[in-house]
Protein chains: 2
Amino acid sequence: MTSEKNGAGAAGFHCPVPFSRYPSVMLAHGGGGRLMHQLIEEMFLPAFSNPSLEARHDGACLDIAGTRLAFTTDSYVVRPLFFPGGDIGTLAINGTVNDLAMCGAQPLYLSAGFILEEGLPADTLGRIILSMQQAAREAGVLLVTGDTKVVDRGKGDGIYINTAGIGALRRELAIGPSSVRPDDVILLSGDIGRHGMAVMAVREGLSFETMIESDCAPLSALVLALLDAGIEVHCMRDPTRGGLASTLVEIAESSGMQIRIDEAAVPIRPEVQAACEILGFDPLYVANEGRFVAFIPARDAERALALMRSHPQGQQASRIGSVADVGPAVVVMRSRIGGTRIVDMLSGEQLPRIC
Amino acid sequence: MTSEKNGAGAAGFHCPVPFSRYPSVMLAHGGGGRLMHQLIEEMFLPAFSNPSLEARHDGACLDIAGTRLAFTTDSYVVRPLFFPGGDIGTLAINGTVNDLAMCGAQPLYLSAGFILEEGLPADTLGRIILSMQQAAREAGVLLVTGDTKVVDRGKGDGIYINTAGIGALRRELAIGPSSVRPDDVILLSGDIGRHGMAVMAVREGLSFETMIESDCAPLSALVLALLDAGIEVHCMRDPTRGGLASTLVEIAESSGMQIRIDEAAVPIRPEVQAACEILGFDPLYVANEGRFVAFIPARDAERALALMRSHPQGQQASRIGSVADVGPAVVVMRSRIGGTRIVDMLSGEQLPRIC
């Protein structure tokens, strides 16, 4: 049996550390927080070590015969499948489009892998395909290759979708944590917490006076407008699982820089704030699907902010903080009442299966 | 709710036909046979219509800034996870490597998306990662980007893996069904039925005197050797789900040509034949994961066959038939006892979750 062979060969696999702490996979291993990062850092990265993977970015930047490409993948397991502002199909397109955009790439082509559960109503599948068709059109990408698998009833959850994407990189500069510089200004493209709270509200059967709609949207047009305007973007990332807090901690740790943000500058809609209070969530840790942070040299910040605010996806853009090269590589937040605290990555799991 | 919006907008979605025959997804929709083709032809293709998808090939052939690439994806849901000759990890690498090879591309980069079920033993995940590491090394590809999601206990089946792959196309000629020509000779790279029967034997708890090992292997080195030798390959495909029969029917239908094969020329190991008889399967419909058929001009056939036989992955290569431009676009087989019959695509599902 190969399984035995593999067992014997496991001595060559030098990363059994993290799971000895946890004998099996927990929901939090997929939550975008500390546990997921341990899984990646201690199991996946050592096994598949290469420069692209080690860049710890949303996608890999590749050079094939002189053509520079970004390549990325995400699986989507959101529950429920439909929520205000989108569904698993819109997420599957926009999520991967946005990961390409975060590399500074123009998204071009997507693949789609469907894992369907026996018994999924045909009508549900049809609605999801329609959403994907519309989202792909809106984002200007072509779905060029795909795969369908069906698993037995009770061995799935209706439908899981994986998309992978290829984009064309526009510039020579590597956009990513390694390019973050001291004195970079941090811009956030809009209000946070809507996607996570829209999904949670449906899941918990809550209704509010103002319905919370997911912010799910393609970010590529706005990102390409920034790059085309000659703004020297050093790093971008979309704060999905784990929210804005986890994203900033990731960048602080990967870049080795201290990030300082101002809580009062982070836009949050009142209904999102209210829902977070009812359900006991901190909006800084709630997932977004149409927002990004950009690290930009101070000289370009005002121009970038004006450009973002003139774009449909960036109307509420704000300057939320800056980068310092003194002090430890953490995220320090000045709270609304004037104190400061260190912001940690999401630990454990508060919002499982949000994307 | 967007779900309602989508419902209203569904009038723009012009392919509700196939599922009106079947109100929900069945296992057979993932089986590689007639039902899966209906799903693709009548739901996915009309929704995402574009030339790459319509080529109905194992991968999309793309041109990005003058660089020609192949792009493909597959999800892997095989059960059990470990079987003689491989596991879900080796399959996830080799399956996607082989789809790239079938386009005539040199596989370069893979993505991996993991959907883990809460409670998956850490040791199982570690063994699968190790297998992927080894398989990627053997196939000469780098895993450059990835994603991990965790679903609740009872909403998965341990682990599902999606891989997408990018390869560099070597030549101008499109390799695919549209390039099949009358008088092309059909070569098969080795014996058939091993992968499917290896998995089924474990699943059914059968043991035979000679253990059946999956043929799971990367085909790219052999394929590139054929191309490098200047052999004018018109079409290649690896007969996975649905087996050799479904693959040939697919090519006959896509190319509009008649395919004629000789049953006696198709190598099948005695233990595979025996297992098929016990379990009631026709080896022509059983999945393979390390075999391919190649459509080659008659003038190159002997040279191609010799080259294949000199390669570890092609030692049992044989000439199994040829293409004709007379008669309907079907597969006609001369049986061992001298009669002829039309071979149809797999209908229904005989071997669910074989890859």
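Please read all numbers here as calculations on a predicted model, not as lab measurements. Per chain, numbering begins at 1; letters A, B, ... match sequence-line order.
For A/Asp74, the parts lying under 4.5 angstrom from a heavy atom of chain B are both the backbone and the side chain. Looking at A/Leu35, neither its backbone nor its side chain comes within 4.5 Å of chain B, counting heavy atoms on both sides. Contact annotation for A/Val77: only side-chain heavy atoms (C-beta onward) come within less than 4.5 Å of a heavy atom of chain B. No part of A/Glu54 comes within reach of chain B, as not one of its non-hydrogen atoms sits under 4.5 angstrom from that chain. Heavy atoms of A/Ala136 lying under 4.5 Å from chain B are absent altogether. The contact between A/Arg241 and chain B is made entirely by side chain atoms (from C-beta outward), counting heavy-atom distances below 4.5 Å. Heavy atoms closer than 4.5 Å to chain A are found in both the backbone and the side chain of B/Leu143. When heavy atoms are compared at a cutoff of 4.5 Å, A/Leu108 approaches chain B solely by way of its side chain, counted from C-beta outward. Proximity to chain B is absent for every atom of A/Cys61, based on heavy atoms less than 4.5 angstrom apart. For A/Ala112, the part lying under 4.5 angstrom from a heavy atom of chain B is the backbone only. Neither the backbone nor the side chain of B/Ile159 comes within less than 4.5 Å of any heavy atom of chain A.
The line from OG1 of B/Thr67 to CZ of A/Arg68 is 12.5 Å long, rounded to the nearest 0.5 Å. Atom CG of A/Asp152 sits about 4.5 Å away from atom CZ of B/Arg79, to the nearest 0.5 Å. We find the CD1-CG distance between A/Ile64 and B/Leu69 to be 5.0 Å, quoted to the nearest 0.5 Å. The distance from atom CG of B/Leu116 to atom OG of A/Ser75, rounded to the nearest 0.5 Å, is 9.5 Å. Taking OG from A/Ser24 and CD from B/Glu117, the interatomic distance works out to 10.5 Å, rounded to the nearest 0.5 Å. Rounded to the nearest 0.5 angstrom, B/Asp147 CG and A/Met36 CE are separated by 7.0 Å.
Counting heavy-atom pairs closer than 4.5 Å to chain B, the top-ranked of the candidates A/Asp58, A/Leu142, A/Leu53 is A/Leu53. Taking chain B as the reference chain and counting heavy-atom pairs below 4.5 Å, the highest number among A/Gly113, A/Ser214, A/Cys355, A/Ser111 is found for A/Ser111. Comparing B/Met132, B/His57, B/Arg137 by how many heavy-atom pairs each has under 4.5 Å with chain A, the most go to B/Met132. Counting heavy-atom pairs closer than 4.5 Å to chain A, the top residue among B/Val150, B/Thr163, B/Asn50 is B/Val150. Counting heavy-atom pairs under 4.5 Å between each of B/Gly66, B/Gly30, B/Gly119 and chain A puts B/Gly119 at the top. For chain A, the option among B/Gly146, B/Ala168, B/Gly59 with the highest count of heavy-atom pairs below 4.5 Å is B/Gly146. Of the residues considered (A/Asp99, A/Thr124, A/Ile115), A/Ile115 shows the highest number of contacts with chain B, using heavy-atom pairs under 4.5 Å.
Closest non-hydrogen pair, A/Phe71 versus B/Leu110, comes out as CE2-C, 3.7 Å. Residues A/Asp63 and B/Tyr109 come closest through the heavy atom pair O-OH, 4.2 Å.
Without hydrogens or angle criteria, A/Gln133 side chain to B/Phe48 main chain gives no donor-acceptor distance under 3.5 Å. In this structure, A/Asp157 contributes its side chain and B/Gly156 its backbone to no donor-acceptor pair below 3.5 Å.
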Exercise. For A/Tyr160 and B/Asn162, what are the C-alpha separation, side-chain angles and deciding distance, and is it a side-chain contact (heavy atoms from CB on, under 4.5 Å)?
Worked result: CA-CA 11 Å; A/Tyr160 299 140; B/Asn162 175 285; over 6 Å; no
For this session: Could you go through the side-chain contact (heavy atoms from CB on, under 4.5 Å) check for B/Glu118 and A/Val25 one step at a time?
Result: CA-CA 5 Å; B/Glu118 189 185 9; A/Val25 170; 5.6 Å; no
For this session: Evaluate the criterion side-chain contact (heavy atoms from CB on, under 4.5 Å) for residue pair B/Thr72 and A/Thr145; output intermediate values, then yes/no.
Result: CA-CA 6 Å; B/Thr72 189; A/Thr145 189; 4.2 Å; yes
Problem set entry | side-chain contact (heavy atoms from CB on, under 4.5 Å) between B/Lys155 and A/Lys155, intermediate numbers included | CA-CA 5 Å; B/Lys155 298 293 183 189; A/Lys155 297 294 182 188; over 6 Å; no
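Taking the centre and axis of the six-membered ring of B/Tyr76, the NZ or CZ atom of A/Lys149 falls inside the cone set by 45° and 6.0 Å.
A/Met43 has its side chain within reach of B/Ile129: a pair of non-hydrogen atoms, C-beta onward, lies under 4.5 Å apart.
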